[in-house]
Asks: 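Have a look at the structure that comes next, please.
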Amino acid sequence: MSGKKLTCLDCGQVNRVPAERLAQSPKCGTCGAKLMSAKAVEVDFDTLQKAARTDDVPLIVDFWAPWCGPCRMMAPEFSKAAQVLSGQARLVKLNTEAHQKAGGTYGIRGIPTMVAFAGGRERKRQSGAMPAQAIVDWARG
């Protein structure tokens with residue numbers, strides 16, 4: 001069976017979705033949650049690790065903290081980018097204050113930091129707040 005592997009960000013189940021259906025709001029076969037959201041989704045550390053390791057579709061992670069001014073400024077821009085990239089990539093957010101282990105595991109030295117994962121590997125990273133179009137260009141580049 002061919003298709004793209006996607007980890008459900010709600011229940012953690014790995015799903016296989018035909019590539020041509022990625023833009024059609026596929027749902028998890030276990031819990032029914034959307035697999036490709038047009039919104040940035042908050043994830044926990046375990047879900048992030050599984051999705052980063054498993055997913056075939058690019059996963060763009062915003063490492064942030066609630067006390068960080070630039071992180072709060074970038075949040076709506078990251079959400080706008082998620083709408084534009086819907087069906088092409090999944091944008092998720094991880095609160096580094098709530099999940100402190102993530103900083104050490106992924107070598108996060110400053111926030112906000114975006115990291116792109118694809119095919120089980122980190123592909124690139126970018127630190128600093130960015131506007132929506134710059135996030136989209138960075139994700140596609």
Side-chain angles (χ1 to χ4, degrees), residues 2-141:
S2 65
K4 302 280 187 180
K5 289 184 288 184
L6 291 171
T7 303
C8 177
L9 301 175
D10 282 0
C11 73
Q13 180 66 38
V14 177
N15 293 262
R16 195 171 292 275
V17 178
E20 62 274 6
R21 291 214 41 237
L22 289 175
Q24 300 171 356
S25 297
K27 294 185 179 179
C28 175
T30 301
C31 73
K34 281 187 176 184
L35 295 173
M36 295 293 291
S37 177
K39 297 179 181 177
V41 178
E42 186 74 34
V43 296
D44 62 31
F45 181 66
D46 293 334
T47 302
L48 171 61
Q49 284 193 299
K50 186 172 186 178
R53 187 176 57 244
T54 307
D55 288 8
D56 292 328
V57 173
L59 181 72
I60 311 296
V61 184
D62 174 20
F63 291 91
W64 72 285
W67 51 262
C68 168
C71 297
R72 289 194 315 268
M73 286 176 24
M74 190 171 102
E77 299 299 309
F78 196 71
S79 294
K80 289 177 195 172
Q83 290 177 327
V84 174
L85 293 167
S86 181
Q88 302 167 40
R90 297 200 298 173
L91 277 68
V92 300
K93 299 176 69 65
L94 185 119
N95 180 340
T96 56
E97 188 171 307
H99 305 282
Q100 294 181 5
K101 193 174 181 181
T105 301
Y106 293 105
I108 304 302
R109 301 283 182 251
I111 53 175
T113 293
M114 288 188 307
V115 178
F117 295 94
R121 295 182 29 210
E122 179 180 328
R123 300 297 177 176
K124 59 185 172 176
R125 69 174 51 210
Q126 173 74 41
S127 292
M130 297 169 60
Q133 189 57 52
I135 294 168
V136 170
D137 293 343
W138 179 83
R140 289 178 174 162

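Bear in mind the structure is a predicted one, so any value in this text is a computation, not a measurement.
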Asks: Please tabulate, for the side chains in residues 125-136, all donor-acceptor contacts under 3.5 angstrom to protein atoms that are two or more places apart in sequence or on a different chain.
Replies:
residue: Arg125; atom: NE; partner: Glu122; partner atom: OE2; Å: 2.8
residue: Arg125; atom: NH1; partner: Tyr106; partner atom: O; Å: 3.3
residue: Arg125; atom: NH1; partner: Gly107; partner atom: O; Å: 3.2
residue: Arg125; atom: NH2; partner: Tyr106; partner atom: O; Å: 2.6
residue: Arg125; atom: NH2; partner: Glu122; partner atom: OE1; Å: 3.0
residue: Arg125; atom: NH2; partner: Glu122; partner atom: OE2; Å: 3.4
residue: Ser127; atom: OG; partner: Thr113; partner atom: OG1; Å: 2.9
residue: Gln133; atom: NE2; partner: Asp137; partner atom: OD1; Å: 2.9

Asks: Taking all non-hydrogen atoms of both residues, which atom of Cys11 and which atom of Thr30 are closest, and how far apart?
Replies: SG-CB, 4.1 Å
Asks: Are the side chains of Met74 and Trp64 in touch, meaning some heavy atoms are under 4.5 Å apart?
Replies: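 Counting from C-beta outward, Met74 and Trp64 never come under 4.5 Å.
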Asks: Would you name the heavy atoms of Ala82 and Lys39 that are closest together and state the gap between them?
Replies: CB-C, 3.7 Å
Asks: For the side chain of Lys93 and the backbone of Phe78, is there at least one donor-acceptor N/O pair under 3.5 Å apart?
Replies: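 No: the side chain of Lys93 does not pair with the backbone of Phe78.
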Asks: Is a donor on one side and an acceptor on the other found under 3.5 Å between the side chain of Glu42 and the backbone of Asn95?
Replies: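 It does hold such a pair.
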Asks: Could you pull out every donor-acceptor pair under 3.5 Å between side chains of residues 51-59 and any protein atom, sequence neighbours left out?
Replies:
residue: Thr54; atom: OG1; partner: Lys50; partner atom: O; Å: 2.8
residue: Asp55; atom: OD1; partner: Thr7; partner atom: N; Å: 2.7
residue: Asp55; atom: OD1; partner: Thr7; partner atom: OG1; Å: 2.8
residue: Asp55; atom: OD2; partner: Arg90; partner atom: NH2; Å: 2.4
residue: Asp56; atom: OD2; partner: Lys5; partner atom: N; Å: 2.9

Asks: Would you please name every residue forming a side-chain hydrogen bond (donor to acceptor under 3.5 Å, both in side chains) with Thr47, sequence neighbours left out?
Replies: Asp44
Asks: Testing the basics here: between Cys31 and Cys28, what is the closest heavy-atom pair and its distance to 0.1 Å?
Replies: N-SG, 3.4 Å
Asks: Nearest 0.5 Å, please: how far is SG in Cys8 from NZ in Lys34?
Replies: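 One gets 13.0 Å once the value is rounded to the nearest 0.5 Å.
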Asks: Using atom types as modelled and distance alone, determine if a side-chain donor or acceptor of Arg123 lies under 3.5 Å from a backbone N or O of Ala118.
Replies: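 Yes; judged by distance alone, with no hydrogens or angles, the pair exists.
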Asks: Between Ala139 and Leu85, what is the shortest heavy-atom contact and its length?
Replies: CB-CD1, 3.6 Å
Asks: Atom CG of Leu35 and atom CZ of Arg16: how far apart are they, to the nearest 0.5 Å?
Replies: 13.0 Å
Asks: With the side chain counted from C-beta on, respond yes when Val84 and Arg140 share a heavy-atom pair under 4.5 Å apart, and no when they do not.
Replies: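 Side chain of Val84 against side chain of Arg140, heavy atoms only: contact under 4.5 Å found.
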Asks: Nearest 0.5 Å, what's the CD-CD1 distance between Gln88 and Ile60?
Replies: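 Separation between the atoms: 10.5 Å.
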Asks: Specify the closest pair of heavy atoms between Phe45 and His99, including all atoms of both residues, with the distance to one decimal.
Replies: N-ND1, 3.7 Å
Asks: Please report the interatomic distance CG(Leu91) to CE(Met36), rounded to the nearest 0.5 Å.
Replies: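 Spacing of CG (Leu91) from CE (Met36) equals 9.5 Å.
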Asks: Check the pair Phe63 / Leu48 against side chain to side chain contact (heavy atoms under 4.5 Å, CB included), numbers first and verdict last.
Replies: CA-CA 11 Å; Phe63 291 91; Leu48 171 61; 3.9 Å; yes
Asks: Which pair of non-hydrogen atoms, one from Asn15 and one from Gly29, has the smallest distance, and what is that distance?
Replies: OD1-N, 2.8 Å
Asks: Can you tell if the side chain of Val43 reaches within under 4.5 Å of the side chain of Val61, non-hydrogen atoms only?
Replies: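 Answer no - side chains too far apart.
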